[in-house]
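Here is the structure we will look at, set down as structure tokens.
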Amino acid sequence: MSHHLEEEIAEDLQSYGDITASATRVTPGNALRPEDIAVAGEAPASDAIAEYALWLGDDALILAQRLSWWISRGPEIEEDIALGNIALDQLGHARSFLIYAGKGLGKSEDELAYWREEEEFRSCALVEQPNGDFAVTIVRQLLVSVYQNLLYTALLQSSDETIAAVAAKAVKEVDYHRDHAIQWTLRLGLGTEESARRMRVALADLWPYVEELFTDEQLHDDVGDAGVRPSTLRAAWDEEITAILSDAALDVPQVPAAMGRGRHGEHTEHLGYLLAEMQVLARKHPGASW
């Protein structure tokens with residue numbers, strides 16, 4: 001972040017209101033916060049970069065909504081806290097990306113989160129899959145967090161200053177998410193016969209949605225050095241996931257890929273139900289604030 005931008009943010013934050021009200025504001029060091037992006041003057045340099053930020057934000061937002069369901073339902077109280085914290089981290093990433101995207105699209109973060117229809121979301125199919133039992137949630141989290149860790153690490157080199165700064169904050173948090181998922185994968189894979197069976201079932205059910213994560217789209221050409229071509233991350237992801245599963249005495253499933261069209265607004269049946277729950281309050285009480 002440039003010195004000029006830091007000064008502008010510091011000045012504008014003085015008049016931003018109750019910035020401590022956000023549950024996602026807690027940020028170590030000088031990491032970029034959603035509120036910083038909200039008050040900064042910079043908008044995405046192009047429509048393509050705004051759309052790319054929207055894609056990143058939608059993945060994080062839908063995953064946050066899925067994970068938040070576990071609060072008060074985890075197998076142990078520590079997991080209520082852990083999954084709740086991971087959900088909050090993802091929500092923070094979503095807010096940053098959606099605020100930034102909204103500056104280019106002429107919409108607020110709330111408009112993007114609560115007032116878009118299902119076909120307007122650009123999230124991948126994997127993050128919208130139901131929580132299932134705990135093994136399903138852990139497998140989904142393993143697949144996504146290893147992917148996000150590689151993605152955000154690569155985005156540290158983004159030519160877009162704001163995307164690089166959001167990635168710099170996110171990668172530290174996602175590294176924790178990845179470790180959490182790995183520890184549970186080992187615990188369940190090497191646990192009882194039943195826990196290992198459920199992990200194998202979860203892997204077979206979710207693996208078809210992996211391919212979409214690494215599918216290059218026209219947008220990735222359009223954003224150039226501001227983004228990352230997903231296909232460039234696949235080899236590293238395969239190597240890491242294979243090693244983790246091997247350590248957990250689990251195999252990489254041999255199942256065909258599903259047709260992934262989430263980036264084009266074509267989703268599985270599950271997203272509509274998720275959005276109905278996520279958006280109901282805002283749509284029932286338009287303009288309400290709390």
Side-chain angles (χ1 to χ4, degrees), residues 22-28 31 34 56-98 113 123-152 169-192 194-196 198-203 205-207 209-210 213 240-241 244-245 248 250 268 270-271 273-281:
S22 169
T24 61
R25 186 181 177 276
V26 179
T27 302
L56 297 172
D58 279 354
D59 278 355
L61 176 66
I62 300 305
L63 183 59
Q65 179 69 17
R66 277 288 183 236
L67 290 172
S68 65
W69 180 89
W70 280 102
I71 296 173
S72 81
R73 297 182 174 95
E76 52 194 37
I77 192 170
E78 290 83 358
E79 273 310 296
D80 283 356
I81 298 169
L83 291 175
N85 278 332
I86 293 172
L88 273 176
D89 287 343
Q90 291 287 336
L91 186 59
H93 307 163
R95 292 191 61 215
S96 293
F97 285 126
L98 293 183
S123 47
C124 63
L126 181 57
V127 296
E128 67 196 42
Q129 295 309 300
N131 287 319
D133 63 22
F134 190 66
V136 175
T137 292
I138 291 302
V139 168
R140 185 185 61 207
Q141 202 54 31
L142 176 70
L143 303 180
V144 175
S145 61
V146 171
Y147 161 75
Q148 287 184 327
N149 192 50
L150 293 168
L151 174 64
Y152 292 144
K169 175 179 184 293
V171 73
K172 298 173 185 175
E173 296 169 343
V174 168
D175 187 51
Y176 159 73
H177 306 170
R178 171 178 159 275
D179 182 66
H180 175 268
I182 291 174
Q183 295 309 314
W184 269 109
T185 297
L186 295 173
R187 187 172 170 183
L188 296 175
L190 301 175
T192 66
E194 177 63 10
S195 68
R198 292 192 182 203
M199 289 294 283
R200 288 193 294 271
V201 170
L203 279 164
D205 287 347
L206 294 176
W207 198 266
Y209 303 106
V210 165
L213 297 177
E240 186 170 350
I241 287 290
I244 295 167
L245 295 182
L250 298 167
T268 65
H270 309 297
L271 184 63
Y273 294 104
L274 181 150
L275 293 180
E277 181 176 277
M278 188 180 80
Q279 297 179 334
V280 63
L281 190 61

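Everything numeric here is computed off the predicted structure, so don't read it as measured data.
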### Verdict with reasoning, Val144 to Asp59, per side-chain contact (heavy atoms from CB on, under 4.5 Å)
CA-CA 10 Å; Val144 175; Asp59 278 355; over 6 Å; no
### Query
Applying side-chain hydrogen bond (donor to acceptor under 3.5 Å, both in side chains), which residue pairs with at least one partner in residues 73-88 are found, sequence neighbours left out?
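Every side-chain hydrogen bond (donor to acceptor under 3.5 Å, both in side chains) pair that includes a residue of residues 73-88, provided the two are not neighbours, is Glu79-His180, Glu79-Trp184.
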State, with a plain yes or no, whether a side-chain heavy atom of [X] is found less than 4.5 Å away from one of [Y].
X	Y	answer
Trp207	Leu143	yes
Leu61	Val127	no
Phe134	Leu83	yes

### Message
Going by ring pair (Phe, Tyr, Trp, His ring centres under 6.0 Å), name the residues that satisfy it together with Tyr147, two or more places apart in sequence or in a different chain.
### Response
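Listed in chain order: Phe214.
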#### Entry: Heavy-atom closest pair, residues Ile86 and Tyr176
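That would be CG1-CE2, 3.8 Å.
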### Query
Which heavy atom of Gly57 sits nearest a heavy atom of Ala94, and at what distance?
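Closest pair (atom of Gly57, atom of Ala94, distance): O-CB, 3.5 Å.
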Separation between [atom1] of [X] and [atom2] of [Y], rounded to the nearest 0.5 Å:
X	Y	atom1	atom2	value
Leu67	Leu88	CG	CG	10.5 Å
Leu91	Leu63	CG	CG	11.0 Å
Leu206	Arg140	CG	CZ	7.5 Å
Arg66	Gln90	CZ	CD	14.0 Å
Ile62	Gln129	CD1	CD	12.0 Å
Leu245	Arg200	CG	CZ	12.0 Å

#### Entry: Parallel, tilted or perpendicular: ring planes of Phe97 versus Tyr152, cut at 30 and 60 degrees
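Answer is parallel, since the angle falls under 30°.
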### Under the salt bridge (charged side-chain N to carboxylate O under 4.0 Å, His left out) test, residues paired with Glu240 that sit two or more places apart
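Glu240 satisfies salt bridge (charged side-chain N to carboxylate O under 4.0 Å, His left out) with Arg178 once adjacent residues are dropped.
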### Message
side-chain contact (heavy atoms from CB on, under 4.5 Å) for Thr268 and Tyr209? Distances and angles first, verdict last.
### Response
CA-CA 11 Å; Thr268 65; Tyr209 303 106; 4.2 Å; yes
### Task
Evaluate the criterion side-chain contact (heavy atoms from CB on, under 4.5 Å) for residue pair Leu151 and Leu56; output intermediate values, then yes/no.
CA-CA 10 Å; Leu151 174 64; Leu56 297 172; 3.7 Å; yes
#### Entry: No-hydrogen, no-angle side-chain donor-acceptor test under 3.5 Å, His93 and Glu173
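Yes - a donor-acceptor pair under 3.5 Å links their side chains.
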### Message
Does Val146 form a side-chain contact (heavy atoms from CB on, under 4.5 Å) with Ile244? I'd like the steps, not just the answer.
### Response
CA-CA 10 Å; Val146 171; Ile244 295 167; 4.3 Å; yes
#### Entry: Heavy-atom donor-acceptor pair, Thr137 side chain to Asn131 backbone, under 3.5 Å
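Side chain of Thr137 to backbone of Asn131, a donor-acceptor pair under 3.5 Å: yes, one is there.
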### Side-chain (Asp89) to main-chain (Val174) donor-acceptor, under 3.5 angstrom
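Such a contact is absent between Asp89 side chain and Val174 backbone.
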### Task
Let me know which of Val210, Thr185, Leu250, Val136 forms a side-chain contact (heavy atoms from CB on, under 4.5 Å) with Leu203.
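Of the listed residues Val210, Thr185, Leu250, Val136, the side-chain contact (heavy atoms from CB on, under 4.5 Å) partner of Leu203 is Leu250.
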